[in-house]
Amino acid sequence: MTDYRPDDYLYMQRALRLAEGATRRAAPNPGVGCVLVNKGRVVGEGATLAVGGDHAEIQAIKDCLARGESPRGATAYVTLEPCSHHGRTPPCAERLIAEGVARVVAAMVDPYHEVSGRGIAMLRAAGVEASAGLMEAEARWTHRGFLSRVERGRPWVTLKAAATLDGKTALLNGRSKWITGPEARMDVQRLRAAHGAILTGSGTVLADDPQLTVRELQVAVQPWRVVLDGDLRTDAGARVYQDGGALLASCETDEGRLAAFRERGVDVLALARRDDKADLADLLAQLAGRGVNELMVEAGAGLNGAMLRAGLVDEIVLYLAPSLAGDAARGLFAWPALEDLADKIELDIADIGKVGRDLRLALRPRRV
């Protein structure tokens, strides 16, 4: 086991912060962070650019040279093992070797099959001191979307919901604007901006006609807007299908019915059926195939409940307003009545805070 120094943790924390800022722009690649340190000083740092652009290590080397410094003899702190293969860009491990970097500390091995330990091996074969495993748990969280797609074949799924304190999302007549305050709604915009795609159901489109775009924030690329509409109940004129960037996920195969959507530039994902319903696992696999690392679900009780029951939700972000709507209002998750409390879905509270007047809870289903 590698012995790490206190400074190693500090520099890796800095690299992880850089990685967090690059996650969305780098997708479907991982948003990696890299910090170059020479003789106790940070001489360069960088994070992965958009697809086809520099990886973090190259950005850090360029930053180092721009400062008039040298990477020779430096330690590179990287949140993911340097790549060792030729893709859209040359191998980062080769560049680190060529620049004379003496030591590479990676937070974790890259599970992608083209790398998977080969980067560390290449560095060691060239005489570079290389290790992986420093702050691995933190790195796995930072890279959770990429890791989910590579290791599980599906995006990391965050389900967002807003409710009153008694768990109601809308009145019986469907009215839901607004349960939470403006600060919480702004926080939702930031949450959307952090995801590669936003999934909703046909019921939400029919009831609310949402856009599901990121508003009031500057984003380089809007998330995909994905509508799960197994029986094609929605209309191609709905706002969610406008302005490009929309996906229709449906079991409908009649091209005549699908033509209106295709004419508006809507991509159609053909879904299989399971138990006479759209196959949610198939949907997530297809989104992963399109490079979606992080998926946000903004839907009604039906799709919320189906995703949760299928074990496809990794995190719930729940906004709770300090209000009560009564037992006749609509709830958060739809599923059959339980006969035993032992069948309830257990959640762990990962974080809790206040956004304006509302509470914001981060919850993760407890895996048995």
Side-chain angles (χ1 to χ4, degrees), residues 1-23 26 29-49 53-144 146-147 150:
M1 183 175 178
T2 304
D3 291 325
Y4 293 110
R5 303 186 292 267
D7 281 358
D8 291 336
Y9 289 87
L10 293 175
Y11 295 129
M12 186 60 77
Q13 285 175 343
R14 186 164 178 159
L16 286 166
R17 286 194 295 272
L18 290 168
E20 288 169 0
T23 296
N29 292 334
V32 178
C34 178
V35 175
L36 287 173
V37 178
N38 213 343
K39 297 177 181 177
R41 293 186 304 111
V42 173
V43 295
E45 58 186 15
T48 308
L49 300 181
D54 290 339
H55 288 189
E57 298 92 328
I58 309 306
Q59 279 286 287
I61 288 168
K62 287 182 175 179
D63 181 45
C64 177
L65 298 175
R67 298 183 192 199
E69 302 281 359
S70 171
R72 184 161 298 277
T75 295
Y77 296 89
V78 195
T79 60
L80 197 65
E81 173 188 12
C83 62
S84 55
H85 65 294
H86 285 267
R88 291 186 176 90
T89 58
C92 294
E94 282 186 0
R95 181 65 183 273
L96 290 169
I97 293 166
E99 293 291 344
V101 170
R103 180 177 177 237
V104 173
V105 179
M108 61 176 293
V109 169
D110 187 342
Y112 183 58
H113 68 277
E114 294 273 12
V115 188
S116 193
R118 294 182 182 88
I120 296 295
M122 180 184 289
L123 292 163
R124 288 174 177 169
V128 178
E129 182 187 342
S131 64
L134 175 65
M135 300 183 70
E136 180 170 354
E138 292 85 347
R140 288 195 67 86
W141 175 252
T142 298
H143 298 307
R144 60 192 179 278
F146 169 75
L147 296 175
V150 170

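If you read the sequence from its start, that first residue is 1, and numbering goes on from there. Just so it is clear, the model here is predicted, and its values are computed rather than measured.
- Contacts of T79 classified as side chain to side chain donor-acceptor pair (under 3.5 Å), with partners at least two apart in sequence or in another chain: H143.
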Give every donor-acceptor pair under 3.5 Å between a side-chain atom in residues 119-137 and any protein atom, sequence neighbours left out.
residue, atom, partner, partner atom, Å
R124, NE, A130, O, 2.9
R124, NH2, A130, O, 2.9
S131, OG, Y4, OH, 3.1

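- Here the closest non-hydrogen pair linking C64 and S70 is SG-C, 3.5 Å.
- For the atom pair L80 CG and E57 CD, the distance stands at 8.5 Å (nearest 0.5 Å).
- Considering all non-hydrogen atoms of both residues, A93 and P82 come closest at N-CB, 4.0 Å.
- Judged by distance alone, the side chain of T142 and the main-chain N or O of E20 form no donor-acceptor pair under 3.5 Å.
- Under the 3.5 Å distance criterion, the side-chain polar atoms of D54 are left unmatched by any main-chain donor or acceptor of L49.
- Here the straight-line distance linking atom SG of C34 with atom CG of L18 works out to 8.5 Å at 0.5 Å rounding.
- Among all heavy-atom pairs drawn from L36 and A76, the shortest one is CD2-CB, 3.6 Å.
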Can you give me every donor-acceptor pair (side chain of residues 98-110, partner residue at least two apart or in another chain, under 3.5 Å) with its distance?
residue, atom, partner, partner atom, Å
E99, OE2, R95, NE, 2.9
E99, OE2, R95, NH2, 3.3
R103, NH1, D8, OD1, 3.2
R103, NH2, D8, OD2, 2.9
D110, OD1, Y112, N, 2.9

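- When atom types are taken as modelled, the side chain of E81 and the backbone of G117 share a donor-acceptor pair closer than 3.5 angstrom.
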Worksheet item: Would T75 and Y11 satisfy side-chain contact (heavy atoms from CB on, under 4.5 Å), going step by step from the backbone distance to the final call?
Response: CA-CA 10 Å; T75 295; Y11 295 129; over 6 Å; no

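- The minimum heavy-atom distance linking N29 with H55 is given by the pair ND2-NE2, 4.5 Å.
- Taking CG of L96 as the start and SG of C83 as the end, the distance is 9.0 Å to the nearest 0.5 Å.
- Annotation: side chain of I58 is in contact with side chain of C92 (closest heavy-atom distance under 4.5 Å).
- Between I61 atom CD1 and E69 atom CD the span is 14.0 Å, to the nearest 0.5 Å.
- Nearest heavy-atom pair, T48 versus P30, reported as atom, atom and distance to 0.1 Å: OG1-O, 3.5 Å.
- Annotation for L147 and P111: closest pair CD2-CG, 3.5 Å, computed over non-hydrogen atoms.
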